[in-house]
Amino acid sequence: MASNSANLWVLLGLGLAGILLMTKKFKKSIIRQDFGAFIEKLLLVPPPQPPPPKAPHPLTALTFAVSDLFEIEGYVSGFGHPEWAKTHQAASQTSLVVSTLVDGGATCVGKTVIDELAYSIHGENKHYGTPINPVVPTRVTGGSCSGAAVAVAANLVDFSLGVDTVGGVRVPAGYCGVIGFRPSYGAISKTGVLPVSASLDTVGWFAKDPNILRRVGHVLLQPAFGGHRSPRQIIMADDCFQLLKIPVDRVAQVVFNSTEKHFGRQVLKHEILDVYLNSKVPSLKEFHNKKTNGEVKTSSIRLLAHVMQLLHRYEFRSNHEEWINTEKPILEPDFSAQMNEIMKISEAEIELCKSIREEMRLAISSLLKDDGILVVPTMAYLPPKLDGKEILSEEYQSSSFSLLSIASLSGCCQVTVPLGYYDKCPVSVSLIARHGNDRFLLDTLQTMYASLQEQAETHVKSKSRNTDSEENSAEMAKEKGNQAFKEKQWKKAISYYNEAIKLNDKNATYYSNRAAAYLELGSFHQAEADCSEAINLDKKNVKAYLRRGTAREMLGYYKDAIEVTCSLALANQVMSTENDR
């Protein structure tokens, strides 16, 4: 009898274990089905269609999701942290932007995961799980609105809403291979949206189809004045493209070809943003002097990254300090350190950052006017690997925030456009228009989108076939650059050297020559980077050593300049030894 009882308990135990195992597998299958994008499913249905002859609702039959910082009546906004959800009541009304979309005919189906307190651009959340990147599962999605990007990339919804503060829409759009739109600051109401950083927050959205992106924009944005317009200048920010960690031509050449097809080559312009902003944003010099005592030179776009991060941290703390001190939630160590560090920043320094922000808006508006588009990489890096160290590196942070700061600080509108893949990872480019030109930017994207995709595909296919002819063309471009240099047309020389490098990025001379032009313009960071690349390609390139030494000396890197001199001596010795042979 005792033996039968024991056997019964064993069978019950095995049965229970089997049920638990099946439950775990079932839960995992659910997570895989939505890629971990959703934190909560819900249903907000649009009103009935108006009777004929009135037109149907503009967003009829479209579904969308919202990031977990948009208030929806009867639901608690979790803000990416369970302690926030526990300490806040359900919303008494739905945020204005969500109501507008539902009234426009779209159906809201759920809330999506965001980074903890919508603060980071990594796309990770230890509380609710990190969403899986549908296009490259071993890589991060980017944040803060990771779930919203994943929901679109996985075809779970037609579009989704997020908040872009320092890249919350643009970064995950780029890393998940979808379109992401950051509107002009203040263009869309933030009523019923949890604040992150008041002067940087904008309500943005994701879509795969530029038509849908534009339809959503027509519902949310004010009508444009003057109707449809074509850009009269498309400006390539050459120094921003030098931050790319993949071949520059993989992105830039695609934009060149698409622009030439639609608007003609004459609209293409080149700008070194570092030089332009140094002259147009005078408060940057004061900010630089306060940071370094004027001893070390830093490029203006890297300074802008610091300014944006300071404002972001200061305003976030101002918004949520009371809750953090009262509830004492468990927060990421890096986040806590930044919140403590910002307490040491003086009010005078914050006011200086605000002055830079205002000057930036004027500077970019002056550059682009009513008919200009600025072209920059969305991110310098391909999506980093999950749990990798790259995402925490100083260079990753600096280059990322440098590119993201342009639109965040100027308040301009920016759209992230996917351009296929490189090394099996999504690649994108960003188009920026002046503040208030949102519809103009959406119209431009609508015009260019199909050809951008075609040109991206064509570029990949033709790259391997055109090596010889490209090398010849590169030499011709270099000679044109040399002639422009002799005529002291430094910017023109750089544009020709850019062209040469796009055609052949393995020739050290092109980088060294471009460095010489950058030195003449006072762009010492770019010159130093080009010389380093030239030396990597050709250890015997004496001119590159000399120019790098000059650049480092002008930047205040005296120790490094001495090391360059030693390297130059070694290079000369190697050359001498080989000549003796």
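When a residue number appears, it is its place in the shown sequence, counting from 1.
- Judged by distance alone, the side chain of Ser120 and the main-chain N or O of His122 form a donor-acceptor pair under 3.5 Å.
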Test side chain to side chain donor-acceptor pair (under 3.5 Å) applied to Arg357 and Ser405, step by step:
CA-CA 10 Å; Arg357 186 182 63 211; Ser405 68; over 6 Å; no

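- Salt bridge absent: Arg229 and Asp443 never bring a charged side-chain N and a carboxylate O closer than 4.0 Å.
- A donor-acceptor pair is defined here as one N or O able to donate and one able to accept, closer than 3.5 Å; such a pair exists between the side chain of Asn125 and the backbone of Tyr128.
- At least one side-chain heavy atom of Ile72 sits under 4.5 Å from a side-chain heavy atom of Val66.
- Closest heavy-atom contact between Val254 and Leu452: CG1-O, 3.5 Å.
- Distance check: Phe38 CZ to Gln33 CD gives 12.0 Å after rounding to the nearest 0.5 Å.
- Put simply, the side chain of Ile188 does not reach to within 4.5 Å of the side chain of Thr202, judged on heavy atoms.
- Between Lys86 and Glu327, no side-chain nitrogen of the basic residue sits less than 4.0 Å from a carboxylate oxygen of the acidic one, so the salt-bridge criterion is not met.
- The 12-atom threshold is not exceeded at NZ of Lys280, counting heavy atoms of other residues, nucleotides or ligands nearer than 6.0 Å.
- Under the 3.5 Å distance criterion, the side-chain polar atoms of Ser428 are left unmatched by any main-chain donor or acceptor of Pro418.
- In this structure, the side chain of Glu116 engages the main chain of Glu332 through a donor-acceptor pair within 3.5 Å.
- Under 3.5 Å, the side chains of Ser92 and Glu73 contain no donor-acceptor pair of N or O atoms.
- Checked against the 6.0 Å centroid criterion, the rings of Phe316 and Phe335 qualify as a close aromatic pair.
- Using the six-membered ring where Trp is involved, Trp323 and His88 have ring planes that are tilted, between 30° and 60° apart.
- Between the side chains of Glu124 and Thr130, no donor-acceptor pair is found at a separation under 3.5 Å.
- When side chains are defined from C-beta on, Thr165 does not count as touching Ser408, because their heavy atoms never get closer than 4.5 Å.
- Proximity of the aromatic rings of Trp84 and His320 is defined here by a centroid distance below 6.0 angstrom, and this criterion is met.
- Heavy-atom minimum distance, Pro426 versus Tyr421: N-CD2, 3.6 Å.
- Between the side chain of Ser146 and the backbone N or O of Gly143, no donor-acceptor pair lies under 3.5 Å.
- Ring centroid separation for the pair Tyr119 and His312 comes in under the 6.0 Å cut-off.
- Between the Arg250 side chain and the Leu419 main chain, a donor and an acceptor come within less than 3.5 Å of each other.
- Atom-to-atom distance recorded for Ile373:CD1 and Gln233:CD is 9.5 Å, nearest 0.5 angstrom.
- A salt bridge links Lys461 with Glu457; the closest basic N to acidic carboxylate O contact falls under 4.0 Å.
- The salt bridge (Lys or Arg N to Asp or Glu O under 4.0 Å) test applied to Asp68 returns Lys111, not counting sequence neighbours.
- Residues Thr94 and Glu71 have side chains not in contact (no heavy-atom distance under 4.5 Å, counting atoms from C-beta outward).
- Annotation: Leu392, atom CG; neighbour count of heavy atoms from other residues, nucleotides and ligands within 6.0 Å is above 12.
- Going from atom CG of Leu331 over to atom CD of Glu83 covers 9.5 Å, rounded to the nearest 0.5 Å.
- Separation of the Phe159 and Phe206 ring centroids does not fall under the 6.0 Å cut-off.
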Chi angles and distances behind the side chain to side chain donor-acceptor pair (under 3.5 Å) call for Arg182, Gln414
CA-CA 5 Å; Arg182 173 195 163 95; Gln414 176 174 335; over 6 Å; no

Are Asp370 and Arg434 close enough, and set up right, to give a salt bridge (Lys or Arg N to Asp or Glu O under 4.0 Å), and what steps lead you there?
CA-CA 7 Å; Asp370 282 331; Arg434 70 178 288 177; 3.3 Å; yes

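- Between Glu351 and Lys354 there is a salt bridge, since a side-chain N of the basic residue sits under 4.0 Å from a carboxylate O of the acidic one.
- For Arg317 (side chain) and Met339 (main-chain N/O), a donor-acceptor pair under 3.5 Å exists by modelled atom type.
- No donor-acceptor pair under 3.5 Å is formed between the side chain of Trp205 and the backbone N or O of Phe181.
- Distance check, rounded to the nearest 0.5 Å: CZ of Phe401 to CE of Met308 gives 5.5 Å.
- By the 6.0 Å contact criterion, CD on Gln266 is enclosed, its count of non-hydrogen atoms from other residues, nucleotides or ligands being greater than 12.
- No side-chain N or O of Arg361 forms a donor-acceptor pair with one of Ser184 less than 3.5 Å apart.
- To the nearest 0.5 Å, atoms CG (Asp158) and CG (Leu62) are separated by 4.5 Å.
- Between the side chains of Ser365 and His435, no donor-acceptor pair is found at a separation under 3.5 Å.
- Summarising the geometry, atom CG belonging to Leu44 is positioned 7.0 Å from atom OH belonging to Tyr75; distances are rounded to the nearest 0.5 Å.
- Within a 6.0 Å radius of NZ in Lys385, no more than 12 heavy atoms belonging to other residues, nucleotides or ligands are found.
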From CA spacing to verdict: side chain to side chain donor-acceptor pair (under 3.5 Å), Gln49, Thr60:
CA-CA 9 Å; Gln49 294 290 344; Thr60 296; 2.7 Å; yes

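- With a 4.5 Å cut-off on side-chain heavy atoms, Leu156 and Thr63 do not count as touching.
- Lys54 contributes no side-chain N or O that, together with a main-chain N or O of Pro51, makes up a donor-acceptor pair within less than 3.5 Å.
- Side-chain N/O atoms of Gln253 and Asn257 include a donor and acceptor closer than 3.5 Å.
- Ser67 approaches Gly162 most closely through the heavy-atom pair OG-CA, 3.5 Å.
- Environment of CD in Glu390: crowded, with over 12 heavy atoms of neighbouring residues, nucleotides or ligands closer than 6.0 Å.
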